[in-house]
Amino acid sequence: MFESLSDRLTGALKDLRGKGRLSPADIDATCREIRLALLDADVALPVVRSFIAKIKERAKGHEVSGALNPAQQVVKIVNEELVGILGGETRRLTFAKTPPTVVMLAGLQGSGKTTLAGKLAKWLKDQGHTPLLVACDLQRPGAVSQLQIVGERAGAAVFAPHPGTSIGGGDNALGITAADPVEVAKAGIAEARNKQYDVVIVDTAGRLGIDAELMNQAIGIRDAVQPDETLFVLDAMIGQDAVSTAEAFRDGVGFTGVVLTKLDGDARGGAALSVREVTGQPIMFASTGEKLEDFDVFHPDRMASRILG
Ligand code: GDP
């Protein structure tokens, strides 16, 4: 996704090589190129501005290190500031002191929530956890069965209402209607407690755009399940809308972390890279394909190195 940005940034920094001393004009010229590269990649303007200001300040502020020539010094500064934009430290999932840990997924329809639920379940299982997927996307036709399919692939249990029936069935009949996602969420948590699943992943409904009904439903589910983590799932392909969508979810349901999906796509992706800086919440995971294994913890330092080539 970041090939073009990567080429432009490495190109801008390459021009500094071989210079024994860097004049303020050299630094300004490099910063101008970096600025254009970031803007062309859709990185949000305020993020670009503060990034460039920091680079200039540090590069002109005589940061010296015996081992590095001036050009290497600037590369190091750009790298460190890029890591900073992406969140600095890798942020790990927080587990509840008393299980189950509740992880709620929120985001627009098509952002990759249901796929992510399966990926997260597999990732957790690989670490010895016993996740339960709870199907609270009762809006999109096929979402429940899609979750059942990804759950099966991941080898994880799925708690889902059957259309037109009450949840639980048999001895466990909980007597709740299948149409209310808040009730399904609560019943899912109860199921996890009863059957000792240690992590509950709650899939929620999305819309094609932000609307009040979507947000209120997500808030209702959040209040009912009191998640330890709310992950905002963001399709990196949506370009500049990424920032406003993230802000709407932050101000609506709120979230504790971001999952970037579709990083395998060929969009410019810079808007998604701005999301940490704009919302103040860390990017925790990255999804790079449709398969369950196309998924990993997001490491700001590795992503910065990848972008800087
Ligand atoms: P939801 O509506 O948020 O639950 O989104 P889905 O999980 O149904 O995903 C929407 C589409 O995006 C599906 O076709 C997924 O296979 C696809 N998808 C999800 N994550 C990724 C990803 O990281 N890369 C690519 N290329 N496709 C993805």
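Ligands are counted one by one from 1 in listed order, and the atoms in each one are counted from 1 as well. What you see below is based on every heavy atom in this structure, not just the backbone, and it leaves out hydrogens, waters and symmetry mates.
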Could you identify the single nearest non-hydrogen protein atom to atom 4 (O) of ligand 1 and state the distance to 0.1 Å?
T114 OG1, 2.7 Å
Quick one: sort the F255 and F232 rings into parallel, tilted or perpendicular, breaks at 30° and 60°.
parallel
Provide the number and element of each atom of ligand 1 under 4.0 Å from a heavy atom of T115.
6 (P), 7 (O), 9 (O), 15 (C), 19 (C)
Same cluster or not: L105 versus V253, using hydrophobic residues (I, L, V, M, F, W, Y) connected whenever any side-chain heavy atoms lie under 4.5 Å apart?
no
May I ask you to check whether F285 and F298 place their ring centres under 6.0 Å from each other?
no
Compute the minimum heavy-atom distance from G265 to ligand 1 and say whether it is under 4.0 Å.
no
One finds that the ligand 1 atoms under 4.0 Å from a non-hydrogen atom of S287 are 22 (C), 23 (O)
So for ligand 1, is E290 a polar contact partner (N or O within less than 3.5 Å, distance only)?
yes
Identify the closest protein heavy atom to atom 22 (C) of ligand 1: which residue and atom is it, and at what distance?
G289 O, 3.1 Å
Can you check whether L108's main-chain N or O pairs, donor with acceptor, with K113's side chain at less than 3.5 Å?
yes
What is the closest protein heavy atom to atom 10 (C) of ligand 1, and at what distance does it sit?
G110 O, 3.6 Å
For L116, is at least one N or O under 3.5 Å away from an N or O on ligand 1?
no
For ligand 1, which atoms, with element, lie under 4.0 Å from some heavy atom of Q146?
6 (P), 7 (O), 8 (O)
Is D137 in polar range of ligand 1, meaning some N or O pair under 3.5 Å apart?
no
Please evaluate residues M104 and L231 with respect to the criterion side-chain contact (heavy atoms from CB on, under 4.5 Å), reporting the C-alpha separation (whole Å), side-chain torsions for both, the decisive distance (0.1 Å), and the verdict.
CA-CA 6 Å; M104 174 172 156; L231 301 183; over 6 Å; no
Kindly confirm or rule out an N or O of G112 lying under 3.5 angstrom from an N or O of ligand 1.
yes
Nearest neighbour in protein (non-hydrogen) for atom 24 (N) of ligand 1:
D264 OD1, 2.8 Å
What do you reckon, does K262 have a nitrogen or oxygen under 3.5 Å from a nitrogen or oxygen of ligand 1?
yes
How many angstroms lie between atom CE of M215 and atom CZ of R207, to the nearest 0.5 angstrom?
10.5 Å
Residue part near ligand 1, for T288, under 4.0 Å between non-hydrogen atoms
backbone
Atoms of ligand 1 under 4.0 Å from any heavy atom of L108, numbered from 1 in the order shown, are 3 (O)
Between atom CD1 of I283 and atom CD of E277, what is the distance when rounded to the nearest 0.5 Å?
10.0 Å
Kindly state whether the ring of H129 and the ring of F95 have centres lying under 6.0 angstrom apart.
yes
Is D203 close to ligand 1, meaning an N/O of one under 3.5 Å from an N/O of the other?
no
Could you pull out the closest heavy-atom pair between K122 and E293, with the gap in Å?
CE-OE1, 4.4 Å
Identify whether I77 and V83 are in the same connected component of the hydrophobic contact network (ILVMFWY, side-chain heavy atoms under 4.5 Å).
no
